[in-house]
Amino acid sequence: MTPYYYCVLQLLYEYAVGVEEPLSVMNSSQPFFILSLLNHCKTLISLKQVHSTVLKTGLDSHHSITGKLLLHCSVLVPDGIDYACRLFRHTPEPDIFMYNTMIRGLVESDRPNNSIALFVEMRKNSVYHVPDSFSFAFTLKAAANLRSLRGGIQLHCQALTIGLNTHLFVGTGLVSMYGECGCIDFAWNAFEEMRELNVVAWNALLTAYMRAGDVKVARQMFLSMPFRDLTSWNVMLAGHVKAGELELAREVFLEMPDKDDVSWSTVIGGCAHSGLFDEAFEYFRELRREGMRANEVSLTGVLLACAQAGAFDFANILHGFIEKAGFGWIVSVNNVLLDTYAKCGNVRMAQLVFERLPDKKSIITWTSMMVGLAMHGHGEEAINLFHEMEESGIKPDEITLISLLYACSHAGLVEQGCEFFDKMKQVYNMEPSIEHYGCMVDLYGRAGEVQKAYEFICQMPLQPNAIIWRTLLGACSIHGDVKLAEKVKERVSELEPSDSGDHILLSNVYAVAGKWKDKASVRRAMTSQGMKKTPGWSSIEVDRIIYTFVAGAKHDEITEEAYEKLKEIMLRLRAGGYTPELGSVLHDIELEEKENSVTMHSEKLAVAFGIARLCKGKTIRIVKNLRICRDCHTVMKLISQAYNLEIVVRDRSRFHTYKSGSCSCRDYW
DNA sequence: TTAGGGTTAG
């Protein structure tokens, strides 16, 4: 090969990735130069251009080499699978290489069913095409993705009859498939059958043990393995993360001789999933400090952390980064982005992301958008979106229906919710699960029909769990039904006796009803059992730093600043005629103290801090871990009017947007 | 042929 050859190749390569160029310069080039271009195509558009150029040079795309290369490159290019299918269907006599290429392409494009179907077709239609190790390896991957033990065993038997089960690739595929299906003994047998072993095979077995939740055995194995590579370390890391052992995961992470983007994505995602958003941010910063480029998975992890922390500004910066890095077309990234925007209080941005994916929306995209709208009280819009989804030909799944019921319950659409619930069986052919029943209890409970909710639970065909009863208990506490609350509390306690949240709910019911003695006895019971109330906290993002406030915590400079501002604000509100509502206070204490205790709820501190620190007119966004209390709700409305501000509060169950003295939840929460 | 990511009731 001459330097000249490389120059031409380089030139052609530049044209191929620069999609706008028509590649006309290449028409006179040698056909084989053009063929080599296929390998460099990064997008479907450039691939199609090269293909048409190939045809112009007189090379037949069914020619054996051209056809194979074309197919091979099509499945590798993003969204190229349909194009590949078309090419494949127009090939008169595909050989085993082409079958295998398609089987692999289909697995990697998340169509494992089609992949298995093609394997079967290959065996039926062409007597000359006995599957080889690649066919088995790729099809086993499909069975593993589907967790289809039956399909996997069938493949194992077929491989056995031609003696391929001892092959390195096939054996590894079998180990992985059995591991994925949760059959650790079968995985071990398949491993023992193998004639030769390499690090990949060992890693597959290690993963199988990790999947089975046997972290101890896996660790033992990891230490005694004859080979070990970066993937083995990553498997250990992921195993600890999945088991929730974040301390051990951190140890492994520090101990690793090398780290790649999988290692980083694993820790970042692991922290985010465990709710440790600060740690997730810290790892992300460290990744950047080490000069690494974040990939789409680690970005997903940080976005998840943003969603939990309500870090809108940070999410917005990440959005820009995603666009610049070229991840903007990836559906899963957009799904997380959409969800994050919605959870950070900005439905409009979420909708922009949603609309940008015209024909690539997955069921998750639709569902996330529905939940996003519902969280902000746009129940009707969420329902309209559901119908739109159906019209576009996507069938709802169980989670879509949960979201739909969630939308109804948060918008007070009781009748519509019941209709959808009935439709589940009749129209969508789904058996409602305990989660769906939970939504229905919430639907009735939120609307104040607590008795109806109780009857609903008593006649449901499934055994109600603690969550179901707790949902109703929460509704009783909002609507002040003491009698029912006591009855329901008993049922919860039978199932989960030591949950402090339930005691708090009951004590709140007594507080609202003014039954201070009963309330005190609940508190005493809690103290004697060593239970503690989950402390309420609220956080706010100022200049990309998240400040968290906890009521009654020790005063530092930041809290002091917030208190000072809050005092000033309360004086102004009182001058306008406001008096605190004391129903939500938890202690039976002197009036003045009660007032103080309400005044100091963490969300008020956070708002005060926001008013002190943020530019005038900027929306104040607050995230709270518990549900907002009645008094804080009123105060937020008043502040939004007095200071001409928009305040967005995300509490445990939904969003409240306060503007000009009223709230988007229409006082329904 | 092995490892990492997304939606849901409280």
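The sequence lines fix the lettering, A, B, ..., with proteins before strands; numbering per chain opens at 1.
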S.K.: Could you give the CE-to-P distance, from A:M236 to B:dA3, as a whole number of Å?
M.R.: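 Going from CE in A:M236 over to P in B:dA3 covers 15 Å.
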
S.K.: What are the two closest non-hydrogen atoms of A:A201 and A:M194, and how far apart are they?
M.R.: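 Reported closest heavy-atom pair: CB-CE, 3.8 Å.
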
S.K.: Considering only NZ, NE, NH1 and NH2 on the basic side and carboxylate oxygens on the acidic side, decide whether A:E290 and A:K259 come within less than 4.0 Å.
M.R.: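 No.
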
S.K.: A:D397 near the nucleic acid: base, sugar-phosphate alone, or nothing, with a heavy-atom cut-off under 4.0 Å?
M.R.: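 Answer is nothing: A:D397 stays at 4.0 Å or more from every strand.
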
S.K.: I would like to know whether A:L155 and A:F119 meet side chain to side chain contact (heavy atoms under 4.5 Å, CB included); could you show each step before the answer?
M.R.: CA-CA 10 Å; A:L155 285 165; A:F119 179 86; 3.5 Å; yes

S.K.: Could you tell me the separation between the CG atom of A:N295 and the P atom of B:dG6, rounded to a whole number of Å?
M.R.: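 Result: 13 Å.
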
S.K.: Examine B:dT8: is either OP1 or OP2 under 4.0 Å from a nitrogen or oxygen in the side chain of A:Y406? Give yes or no.
M.R.: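 Answer is no, no contact under 4.0 Å.
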
S.K.: Please tell me which of the listed nucleotides, B:dT8, B:dT2, B:dG4, lies nearest to the side chain of A:D339?
M.R.: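 The nucleotide sitting nearest to the side chain is B:dT8.
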
S.K.: Tell me, please, whether A:Y428 has A:K423 positioned over its six-membered ring: NZ or CZ under 6.0 Å from the ring centre and within 45 degrees of its axis?
M.R.: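 Because its charged atom misses either the 6.0 Å distance or the 45° angle limit, A:K423 does not stack over A:Y428.
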
S.K.: Side chains of A:S403 and A:T400: any donor to acceptor distance under 3.5 Å?
M.R.: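 A:T400 vs A:S403: no donor-acceptor pair found between side chains.
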
S.K.: Choosing from B:dG5, B:dT7, B:dA9, which nucleotide comes nearest the side chain of A:C439?
M.R.: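 The answer is B:dA9.
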
S.K.: Kindly point out which of B:dG5, B:dG10, B:dG6 is positioned nearest to the side chain of A:H410?
M.R.: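 Nearest to the side chain of A:H410 among the choices is B:dG10.
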
S.K.: Please determine, for the side chain of A:V262, which listed nucleotide (B:dG5, B:dA3, B:dT7) has the closest atom?
M.R.: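 Selected nucleotide: B:dA3.
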
S.K.: Side chain of A:T300 only, please: which of B:dT8, B:dA9, B:dG5 is the nearest?
M.R.: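 Looking only at heavy atoms from C-beta outward on A:T300, the closest nucleotide is B:dG5.
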
S.K.: Is A:H240 near enough to B:dA3 that one of its side-chain N or O atoms lies under 4.0 angstrom from OP1 or OP2?
M.R.: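 Answer no for this pair, as no side-chain N or O of A:H240 is under 4.0 Å from OP1 or OP2.
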
S.K.: Across the strands shown, which category fits A:K361 at heavy-atom distances under 4.0 angstrom: base, sugar-phosphate, nothing?
M.R.: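 Nothing, no nucleic acid heavy atom in range.
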
S.K.: Rounded to whole angstroms, how far apart are CZ on A:F284 and P on B:dG4?
M.R.: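 Going from A:F284 (CZ) to B:dG4 (P), I get 20 Å.
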
S.K.: From CG of A:L237 over to P of B:dT2, roughly how many Å is that when rounded to an integer?
M.R.: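 From A:L237 CG to B:dT2 P: 19 Å.
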
S.K.: Give a yes or no answer on whether the side chain of A:N346 reaches the backbone of A:A342 with a donor-acceptor pair at less than 3.5 Å.
M.R.: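 Such a contact is absent between A:N346 side chain and A:A342 backbone.
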
S.K.: Regarding A:R228, tell me which of base, sugar-phosphate or nothing describes its non-hydrogen contacts under 4.0 Å with the strands shown.
M.R.: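 Contact class for A:R228: none.
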
S.K.: Which word best sums up how the rings of A:Y283 and A:W264 line up, parallel for under 30°, tilted for 30 to 60°, or perpendicular for over 60°?
M.R.: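 If you compare the ring of A:Y283 with that of A:W264, the planes turn out perpendicular.
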
S.K.: Check every strand shown and say whether A:T471 touches a base, only sugar-phosphate, or nothing at a heavy-atom separation below 4.0 Å.
M.R.: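 Sugar-phosphate, backbone atoms only, no base.
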
S.K.: I want to check one thing: is the phosphate of B:dT8, taken as OP1 and OP2, less than 4.0 Å away from some side-chain N or O of A:K343?
M.R.: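 So the side-chain polar atoms of A:K343 do come within 4.0 Å of the phosphate oxygens OP1 or OP2 of B:dT8, strictly under.
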
S.K.: Of the nucleotides B:dG4, B:dG6, B:dT2, which has the atom closest to the A:V331 side chain?
M.R.: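 The answer is B:dG6.
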
S.K.: Using only side-chain N and O atoms of A:K242, determine if any of them is under 4.0 Å from OP1 or OP2 of B:dG4.
M.R.: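 Checking B:dG4 against A:K242, a side-chain N or O does come within under 4.0 Å of OP1 or OP2.
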
S.K.: Under 4.0 Å between any heavy atoms, over every strand shown, what does A:D229 touch: base, sugar-phosphate, or nothing? Just pick one.
M.R.: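 Answer is nothing: A:D229 stays at 4.0 Å or more from every strand.
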
S.K.: I want to verify a distance call: between B:dG6, B:dT2, B:dA3, whose nearest atom is closest to the A:A204 side chain?
M.R.: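 Side chain of A:A204 sits closest to B:dT2.
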
S.K.: B:dT7 P sits how many Å from A:L337 CG, rounded?
M.R.: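 Those two atoms, CG and P, are 13 Å apart.
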
S.K.: Is the shortest side-chain N/O distance from A:R446 to OP1 or OP2 of B:dA9 below 4.0 Å?
M.R.: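 No, A:R446 has no side-chain N/O under 4.0 Å of OP1/OP2 on B:dA9.
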
S.K.: Between atom CE in A:M370 and atom P in B:dT7, what is the gap in whole Å?
M.R.: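 That distance rounds to 15 Å.
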
S.K.: Please work out if A:S232 contacts a base, only the sugar-phosphate, or nothing of the nucleic acid, heavy-atom cut-off 4.0 Å.
M.R.: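 The answer is nothing, as A:S232 stays clear of every strand by at least 4.0 Å.
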
S.K.: Grab the CD1-P distance between A:I322 and B:dG5 for me, whole Å please.
M.R.: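 So the two atoms are 17 Å apart, to the nearest Å.
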
S.K.: Quiz question: going by heavy-atom distance under 3.5 Å, is there a donor-acceptor pair between the base of B:dG4 and the side chain of A:T266?
M.R.: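 No, no donor-acceptor pair under 3.5 Å.
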
S.K.: Which part of the nucleic acid does A:S332 contact within heavy-atom distance under 4.0 Å: base, sugar-phosphate only, or nothing?
M.R.: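 Base, at least one base atom sits under 4.0 Å.
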
S.K.: If I take atom CD in residue A:E108 and atom P in nucleotide B:dA3, what distance separates them, rounded to the nearest angstrom?
M.R.: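 Distance, rounded to whole Å: 12 Å.
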
S.K.: So A:E296, base contact, sugar-phosphate only, or nothing? Heavy-atom distance under 4.0 Å.
M.R.: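 Result for A:E296 = base.
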
